[in-house]
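Positions are given from 1, in the same order as the sequence printed here. Since the structure is predicted, the reported quantities are computational estimates derived from the model, not experimental observations.
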Amino acid sequence: MRIILIRHGQTSSNIGRHLDTGEPGAPLTKLGHEQANLLPRTLENERIDAIYASPLLRTQQTAKPLASARGISVQTRSGICEVSAGDLEMANDENSIQTYLKIVMDWADGSEEAMILGAGENGSDVLRKFDRVVDEVRASAVDSAVFVSHGAIIRSWVGSRCVNIEPGFVAQTPVLNTGVVVVEETDGQWRVVQWQEQPIGGPEVQSPESDGPAAETPDGN
């Protein structure tokens with residue numbers, strides 16, 4: 001089984017470095033739409049049997065061009081939503097951003113007990129919800145699925161579930177808007193086979209200074 005994890009396109013909250021995790025969330029910017037519109041072309045050689053997206057507006061908008069090009073309906077699942085910022089929702093100060101990133105990146109390295117204040121869930125709770133969507137896809141006998149999701153949850157889930165990811169790698173390796181991480185399951189184990197930090201559409205739709213907190217490292221670099 002193969003899952004192509006795609007982070008959504010750019011939003012105004014990304015530009016403002018806001019921890020925007022609630023529904024419906026900010027829509028895509030003009031650049032975000034350009035990034036989304038390039039997905040069908042850049043993924044034209046990929047087998048795609050199903051497309052899933054979180055309920056947030058930005059992932060729905062990002063998935064739409066690819067789904068239209070493939071003639072596949074987007075299936076919405078809350079389990080692949082962004083990690084809730086809880087009491088830090090819409091904050092953009094450095095301390096709040098670093099607090100959020102530190103907790104989520106610790107989850108990626110196996111320390112899943114910590115909880116973001118006000119979110120009501122620890123890492124185990126959040127990651128198990130993502131697991132359930134993966135299990136659903138596995139049970140449907142799909143060979144290759146796209147998940148249009150979010151930067152923090154993609155990094156955290158991949159770091160915690162893939163056996164070929166070293167501790168600390170996820171925290172120091174971002175996924176920019178419409179960056180892609182491809183994972184494959186073999187003999188019951190998940191492995192990363194591609195980690196593309198930059199937008200899949202190429203340098204012309206890249207804006208790393210405006211990709212938001214979920215594309216940053218816990219130390220702010």
Side-chain angles (χ1 to χ4, degrees), residues 1-11 14 28-54 56-77 79-82 130-131 133-159 161-165 169-170 173-208 211 214-215:
M1 181 180 170
R2 180 179 176 92
I3 301 179
I4 303 167
L5 300 158
I6 304 174
R7 189 185 174 207
H8 60 81
Q10 186 194 71
T11 72
N14 293 154
L28 298 182
T29 61
K30 180 182 177 183
L31 178 61
H33 281 290
E34 291 173 2
Q35 291 168 336
N37 288 333
L38 286 169
L39 293 178
R41 186 189 74 191
T42 51
L43 293 172
E44 62 184 356
N45 295 322
E46 289 280 354
R47 173 173 178 170
I48 298 173
D49 301 315
I51 299 174
Y52 293 79
S54 85
L56 274 64
L57 181 57
R58 55 190 179 269
T59 56
Q60 296 287 318
Q61 291 179 326
T62 302
K64 185 176 180 180
L66 181 62
S68 296
R70 294 298 182 105
I72 299 174
S73 298
V74 176
Q75 301 184 62
T76 302
R77 297 291 185 272
I80 60 173
C81 218
E82 183 58 294
F130 202 103
D131 287 337
V133 182
V134 173
D135 289 342
E136 176 191 344
V137 178
R138 184 191 291 113
S140 70
V142 164
D143 290 324
S144 182
V146 164
F147 284 13
V148 184
S149 188
H150 305 264
I153 187 60
I154 289 174
R155 293 166 74 187
S156 183
W157 185 83
V158 171
R161 299 302 190 249
C162 291
V163 298
N164 61 337
I165 293 293
F169 172 83
V170 166
T173 310
V175 179
L176 303 187
N177 292 127
T178 62
V180 171
V181 179
V182 180
V183 299
E184 291 183 352
E185 185 185 33
T186 306
D187 298 327
Q189 293 185 316
W190 288 101
R191 289 178 171 82
V192 174
V193 296
Q194 178 185 339
W195 187 297
Q196 180 169 332
E197 300 175 33
Q198 295 78 22
I200 197 171
E204 67 270 21
V205 289
Q206 181 172 321
S207 181
D211 283 83

Is there a donor-acceptor contact under 3.5 Å from the side chain of [X] to the main chain of [Y]?
X: Thr42; Y: Leu39; value: yes
X: Trp195; Y: Pro174; value: yes
X: Arg7; Y: Gly179; value: no
X: Asp49; Y: Ala145; value: no
X: Arg58; Y: His150; value: no
X: Glu82; Y: Ala152; value: yes
X: Ser54; Y: Ser149; value: no
X: Ser140; Y: Val137; value: yes
X: Ser144; Y: Arg47; value: yes

Reported [atom1]-to-[atom2] distance for the pair [X] and [Y], which is rounded to 0.5 angstrom:
X: Asn14; Y: Asn177; atom1: CG; atom2: CG; value: 4.5 Å
X: Leu28; Y: His8; atom1: CG; atom2: NE2; value: 8.5 Å
X: Leu66; Y: Ile4; atom1: CG; atom2: CD1; value: 8.5 Å
X: Trp157; Y: Ile3; atom1: CH2; atom2: CD1; value: 5.0 Å

Minimum heavy-atom separation for [X] to [Y], with atom names?
X: Gly159; Y: Ile165; answer: CA-CG2, 4.1 Å
X: Gln35; Y: Pro199; answer: NE2-CG, 4.2 Å
X: Ile6; Y: Thr178; answer: CG2-CA, 4.2 Å
X: Ile153; Y: Cys81; answer: CG2-O, 3.5 Å
X: Pro208; Y: Leu176; answer: CB-CD1, 3.9 Å
X: Thr62; Y: Gly9; answer: OG1-N, 3.0 Å

Item to check | Contacts of type ring pair (Phe, Tyr, Trp, His ring centres under 6.0 Å), residue Tyr52, not counting sequence neighbours | outcome: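 Expected list: Phe147.
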Just jot down the side-chain contact (heavy atoms from CB on, under 4.5 Å) partners of [X], sequence neighbours excluded, or say none.
X: Glu34; answer: Lys30, Leu31, Val205
X: Glu204; answer: Leu38, Arg41
X: Ala53; answer: Thr59, Gln60, Ala63, Val74, Val148

If the condition is side chain to side chain donor-acceptor pair (under 3.5 Å), which residues does [X] pass it with, not counting sequence neighbours?
X: Gln10; answer: Thr29
X: Asn164; answer: none
X: Gln61; answer: none

Next on the checklist: Under the salt bridge (charged side-chain N to carboxylate O under 4.0 Å, His left out) definition, can you give me all pairs with a residue in residues 61-73, not counting sequence neighbours?
Outcome noted: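 Of all non-adjacent pairs touching residues 61-73, none passes salt bridge (charged side-chain N to carboxylate O under 4.0 Å, His left out).
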Checklist entry - What residue pairs, at least two apart or across chains, pass salt bridge (charged side-chain N to carboxylate O under 4.0 Å, His left out) with a residue in residues 179-190? => result Arg2-Glu184, Arg138-Glu185
